[in-house]
Chemist: 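Sharing a structure, written as structure tokens. Questions coming.
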Amino acid sequence: MVDSPRAVLFDIDGTILVTGGAGGAAWQRGFEELYGVDADVAEHTDAGMTDPEIAAVVFREVIGREGSAEERAKAIGCYLKHLPETVTESAGYRVMPGIEDLLDRLIDAGLLLGLVTGNIEAAAHIKLSRAGLNRFFSFGGYGSDSADRTEVTKAALGRGELVSGGTLEDGACIAVGDTPRDVEAGHGAGIKVVGVATGSYTVDQLRDVGADWALQTVEHNFPA
């Protein structure tokens, strides 16, 4: 890895911000509208899942069958329809400690910032928009690229190569995430990962799954 990264990829949920349950509420409203079922997404999914994975799990575990590709796509569309209102309404929406100051500092230092998230692209920008954070990110990889987090990370790196003019090779990019899935995906894509304990996992748990840096928050000892 180069001495200093030239780009940083950020996960969203649990890393940049929490929506206070807005995502789950939007899924719940979508499945209620389409199928008349009460889909409590938190009961059936794990942190770090991609949106396509969530749709598939809800079909399997709540509706009781495998949804077709067309049905899953329709469910994602209905989720997106409800997401702006649930994000706006959420009393628990908050940006994680130190995030905005860090993003400002990294931009001022000339680094490129990207997203690497299980959210489909439209959902990612809806969640970021309430806090005015879309302005920081020039590229990304999303759940709409793949249901697999490693492939999502590779998609982000590919777009970063285009935006940077081909300067992000040889470990010049690191990722930041709050779950073991984020760590595994970054390593699978060949980059190092900062684990932050602002989600459901502790510093020790993130270190144990191989995070190259494990921090309580991004406020101290961030490696860039």
Chemist: Under 30°, 30 to 60°, or over 60°: which ring-plane class applies to Phe59 and Tyr35, parallel, tilted or perpendicular?
Modeler: perpendicular
Chemist: Work out which heavy atom in Gly118 is nearest to a heavy atom in Pro52; give both atom names and the distance.
Modeler: O-CD, 4.4 Å
Chemist: Is the shortest heavy-atom distance from the side chain of Arg149 to the side chain of Asp11 under 4.5 Å?
Modeler: yes
Chemist: With a 4.5 Å heavy-atom cut-off, do Thr86 and Thr19 have their side chains touching?
Modeler: no
Chemist: Do Arg207 and Thr202 have side chains that approach each other closer than 4.5 Å (heavy atoms only, starting at C-beta)?
Modeler: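 The answer is no; the side chains never approach within 4.5 Å.
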Chemist: Measure the acute angle between the ring planes of Phe137 and Phe10, then classify it against the limits of 30° and 60° as parallel, tilted or perpendicular.
Modeler: perpendicular
Chemist: Which pair of heavy atoms, one from Leu9 and one from Phe139, lies closest together, and at what distance?
Modeler: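 Closest approach of Leu9 to Phe139: CD2-CE1, 3.4 Å.
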Chemist: Strictly distance-based, threshold 3.5 Å: is any side-chain N or O of Tyr93 a donor or acceptor partner for the main-chain N or O of Ala22?
Modeler: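 Answer holds: no.
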Chemist: Are Val152 and Leu112 linked, directly or through intermediate hydrophobic residues, by side-chain heavy-atom contacts shorter than 4.5 Å (ILVMFWY only)?
Modeler: yes
Chemist: Could you list the residues that satisfy side chain to side chain contact (heavy atoms under 4.5 Å, CB included) with Glu121, not counting sequence neighbours?
Modeler: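 Per chain and number, Glu121 pairs via side chain to side chain contact (heavy atoms under 4.5 Å, CB included) with His125, Tyr142, Ser144.
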Chemist: Could you walk me through whether Ser129 and Asn134 pass side-chain hydrogen bond (donor to acceptor under 3.5 Å, both in side chains), step by step?
Modeler: CA-CA 6 Å; Ser129 65; Asn134 279 307; 4.8 Å; no
Chemist: With side chains defined as the heavy atoms from C-beta onward, is the minimum distance between Ile99 and Leu17 less than 4.5 Å?
Modeler: no
Chemist: Quick one: do Ile191 and Val209 end up in the same hydrophobic cluster if we chain Ile, Leu, Val, Met, Phe, Trp and Tyr together by side-chain heavy atoms under 4.5 Å apart?
Modeler: no
Chemist: Kindly indicate, with the supporting measurements, whether the criterion side-chain hydrogen bond (donor to acceptor under 3.5 Å, both in side chains) is fulfilled by Asp40 and Gln28.
Modeler: CA-CA 6 Å; Asp40 187 341; Gln28 195 163 23; 5.7 Å; no
Chemist: Going by an N to O cut-off under 4.0 Å, is there a salt bridge joining Arg159 and Asp145?
Modeler: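 Judged by the 4.0 Å cut-off on N to carboxylate O distance, Arg159 and Asp145 do form a salt bridge.
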Chemist: Any donor and acceptor pair, going by atom type alone, linking the side chain of Asp212 with main-chain N or O of Val193 inside 3.5 Å?
Modeler: yes
Chemist: Decide side-chain hydrogen bond (donor to acceptor under 3.5 Å, both in side chains) for Glu184 and His187; before the verdict, give the C-alpha distance in whole Å, the side-chain angles of both, and the deciding distance to 0.1 Å.
Modeler: CA-CA 5 Å; Glu184 180 182 354; His187 290 168; over 6 Å; no
Chemist: Is it true that Glu66 and Arg60 make a salt bridge, defined as a side-chain N closer than 4.0 Å to a carboxylate O?
Modeler: yes
Chemist: For the side chain of Asp51 and the backbone of Ile120, is there at least one donor-acceptor N/O pair under 3.5 Å apart?
Modeler: yes
Chemist: Report yes if some heavy atom in the side chain of His82 is under 4.5 Å from a heavy atom in the side chain of Glu33; otherwise report no.
Modeler: yes
Chemist: Hey, is CG on Asp208 packed in by over 12 heavy atoms from elsewhere, all under 6.0 Å?
Modeler: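 Atom CG in Asp208 is packed in, count exceeds 12.
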Chemist: Let me see the working for Glu53 and Thr50 under side-chain hydrogen bond (donor to acceptor under 3.5 Å, both in side chains), right down to the final yes or no.
Modeler: CA-CA 5 Å; Glu53 286 180 306; Thr50 62; 3.3 Å; yes
Chemist: For Glu70, check salt bridge (Lys or Arg N to Asp or Glu O under 4.0 Å) against everything at least two apart and list the hits.
Modeler: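 Salt bridge (Lys or Arg N to Asp or Glu O under 4.0 Å) check on Glu70 returns nothing, list empty.
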Chemist: Give, for atom NZ of Lys154 and atom CG of Asp148, the distance between the pair rounded to the nearest 0.5 Å.
Modeler: 8.0 Å
Chemist: Could you identify which residues cluster with Val203, counting Ile, Leu, Val, Met, Phe, Trp and Tyr as linked when any side-chain heavy atoms lie under 4.5 Å apart, either directly or through a chain of such contacts?
Modeler: none
Chemist: At their closest point, which heavy atom of Ala124 faces which heavy atom of Ile12, and how far apart are they?
Modeler: CB-CD1, 3.5 Å
Chemist: With heavy-atom distances below 4.5 Å as the criterion, would you say the side chains of Glu100 and Leu103 are in contact?
Modeler: no
Chemist: Under 3.5 Å, is there a donor-acceptor pair between the side chain of Arg105 and the main chain of Ala224?
Modeler: yes
Chemist: Heavy-atom distance under 4.5 Å between the side chains of Ile126 and Leu83, does that happen here?
Modeler: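 Heavy-atom side-chain distance check passes, below 4.5 Å.
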Chemist: For the residue pair Thr15 / Asp178, report whether a side-chain donor-acceptor contact shorter than 3.5 Å exists.
Modeler: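 Present: a donor and an acceptor within the cut-off.
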Chemist: Over all heavy atoms of both residues, which pair between Gly23 and Tyr79 is shortest? Give the atoms and the distance, please.
Modeler: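 Looking at all heavy atoms of both residues, the closest pair is O-CE1, 3.6 Å.
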Chemist: Going by heavy atoms in the side chains, are Glu219 and Met96 under 4.5 Å from each other?
Modeler: no
Chemist: Is any side-chain N of the basic residue among Arg29 and Glu89 closer than 4.0 Å to the acidic one's carboxylate O?
Modeler: yes
Chemist: For the hydrophobic clusters of this structure (ILVMFWY residues joined by side-chain heavy atoms under 4.5 Å, transitively), does one cluster hold both Leu215 and Val183?
Modeler: no
Chemist: Nearest 0.5 angstrom please: Leu111 CG to Ile107 CD1, how far?
Modeler: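 So the CG of Leu111 and the CD1 of Ile107 are separated by 8.0 Å.
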